[in-house]
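This is a predicted model, so every value here is computed, not measured. Every chain is numbered from 1 and lettered A, B, ... according to where its sequence line falls, protein lines coming before strand lines.
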Amino acid sequence: MEKINLTFPDGSVKEFNKGVTPFQVAESISSRLAGDALISSVNGVQRDLYYAINEDSKIAIYTFNNKEGQEAYWHSTSHLMAHAIQVLYPEAKFGVGPAVEGGFYYDIDINETLTETDLEKIEKKMMELAEANSGYERQELTQKEALELFEKKGDQYKIELISDLDDKEVAISLYHEGDFTDLCRGPHIPGTGRIKYVKLLSISGSYWRGDEKNKSLQRIYGVSFPKKKMLEEHLELLEEAKKRDHRKLGKELDLFTVQEEAGAGLIYWHPKGARVRHEIEDFWRKEHLRSGYELLYTPHIGKSWLWETSGHLVNFAENMYAPMQIDDQNYYLKPMNCPFHIMIYKANLYSYRDLPKRWAELGTVYRYEKSGALHGMLRVRGFTQDDAHIFCTAEQMDAEIKRTVHFSIHMLKSFGFDDLKFYVATRPDKAIGDDVVWEQAVTSLKSALESEKLDYEVDEGGGAFYGPKIDIKIKDALKREWQLSTIQFDFNLPERFDMKYIGEDGKEHRPYMVHRALLGSIERFMGILVEHYGGSFPTWIAPVQVAVVPVSEKYFEYAEKIKDELLADDIRVELDYRNEKVGYKIRAWETQKVPYMLIVGEKEVEAGTVSVREHKVGDKGSMKLEEFVKIVSEEIKSRVNNK
RNA sequence: GCUGACGUAGCUCAGUAGGUAGAGCACUUCCUUGGUAAGGAAGAGGUCACCGGUUCAAAUCCGGUCGUCAGCUCCA
């Protein structure tokens, strides 16, 4: 028997018979691995477990514990779901059914509208089919053969997909599983029996190939796991996300509303939400001043000249609101702050000695968003960017980028976001500015991250048309990613507005320009903050920091004294005058997620103390008010986020 | 914007063989003055999102508008 050498991910090499399959390789390691193995990769190409290896190769075996294995598992489950649907709805036509983050989906075309009950039916059928434990068998064929097959089935979507493939470049493959056949690149898990726990989560519309001109299909989302506990944990996480939904908490904690009568996508900040916002903005301003920024205020509308010059009317028109006529001139509501900051720059002639200029503004902008895109505070039509523009010389560029990245990390961490991911987005297809400048700018962005020893991913072609950018995403308490910061080069505006500065040589030069937003928008940031903390804000940003709870009205006078002293110490305090028992009041403030309660009754009046109760923790015993003030003030001052 | 679902008191929700509305919480008043997650009683509160249609009669059926939700698309 001819032998081949297989190299494992850890670098070790083992000898096998030629034609060995990844499954046999797994078996040779342990029966447990063979049982858990889902797919493999041979020389970097993902393969089914029964793929015959005929030459020396690098091999890796994937189980559900690997991202690769998980994807295959979910992908195979989507086939199983399609299978079940075909059994239940023989007329069904199938679109695509990939694995996605957190599960899988399949787009199907059937005449009736599916409901939640139908999902249960499909789920049940899937489990039935899984028990049959049929294998996923691969078959390769030519484009012509594939077309004939699906024409016979009358599946126009698959026909369209196959027509776009080229069988000289890629193998066109089918996978058979029981009596279900699907066009699929693979690989798949060994058999349906591996699929143990399935939950179909939701159903919604989606266009064939994501194009709204195409027919709308029904998309069923689901998730599956090999172990019951995994499914339970996953569902718990979804449950937790629902509990933390900022729209729900926004209502419960009376932070904000969006009102139908007043307009979609427009946020009304209630007093409690406004207090949180005030804290965020106050901190933001102080930190910017400390970091060498100057603050600006600019108007909310501007003449069309501004937007013609900036190019917004050409490139951003679909997001701008219709103009209003003032003295026979067209004025537009601003979708961005940059032209205004540039106007301030142009009001003076600067020397290279004056640069860099770092100008920041909490600038409220309005953008038209499609009604279906609106979502609580996360996607709105009017929002306040924590915007800034940096104008500098070419020589200063690298240092400014580094400085901005540094500052951004500081800001995000200050709010308790410690898990950060960095992305560098490069030149998109339609872009202005020449390649050399783009190259320089991208290098500058990358080296800024590298010098800070920060890992980053490159988002090829993800830059704005006017320049490349660094995006920073955070992971919240539920491990969900949100993009917050963006740091963008701009090769466009300095040119269009003919900006200049006088260099050392006495001649005019074009300044470099960087746009940046660190928190993104205050509305969106607030929404994310609410979800991250599940409404239990750190004391320094909590709308109410302390609630004073008198045991009965006999102690109102003492309670008022306490309240006044806390107010004098700049602590946000409320006194509960309600004619209720302590238990009732404690429950009320606890559900309002107030960090501290001070219970005062006869004992406290006599001893001159307060009884402290901490949110989520409970009774902390009694102490002198001064002592409590010291503890809380320190907590606020050092902005403790995680207790 | 598109597809689908939904829109009943401040909030969470009941309410289909079409016969002009109900609960809990919250709110108001009274009783109670009570120690660490809901004391008791009474009361007030809704042109059932809006507009139009079918009908003797519409929260309920039909159409349109607005809005919300899940996605698609897009993004701070």
Distance flag, aromatic centroids of A/H515 and A/Y466, threshold under 6.0 Å: yes

Contacts of type side chain to side chain donor-acceptor pair (under 3.5 Å), residue A/R516, not counting sequence neighbours: A/H288, A/Y293

B/rA70 phosphate, OP1 or OP2, under 4.0 Å from A/H375 side-chain N/O: yes

Qualifying residues under salt bridge (charged side-chain N to carboxylate O under 4.0 Å, His left out), relative to A/K624, sequence neighbours excluded: none

Donor-acceptor pairs under 3.5 Å, side chain of residues 312-320 of chain A to any protein atom, not counting sequence neighbours: which ones?
residue	atom	partner	partner atom	Å
A/H312	ND1	A/S310	OG	2.6
A/N315	ND2	A/G311	O	3.3

N or O in side chain of A/S202 less than 4.0 angstrom from B/rA70 OP1/OP2: no

Base-paired stems in RNA chain B, each at least three Watson-Crick or G-U pairs under 3.5 Å: B:1-7 with B:66-72, B:10-13 with B:22-25, B:27-31 with B:39-43, B:49-53 with B:61-65

For A/E457, all residues meeting side chain to side chain donor-acceptor pair (under 3.5 Å), sequence neighbours excluded: none

Within the 6.0 Å centroid threshold, strictly below: A/H406 and A/H410: no

Any A/R247 side-chain nitrogen or oxygen under 4.0 Å from OP1 or OP2 of B/rC11: no

Polar side-chain contact A/R379-B/rC74 base: donor and acceptor under 3.5 Å: yes

Per-nucleotide protein contact string for nucleotides 35-50 of chain B (B base, S sugar-phosphate only, - none; heavy atom under 4.0 Å): BBBBB-----------

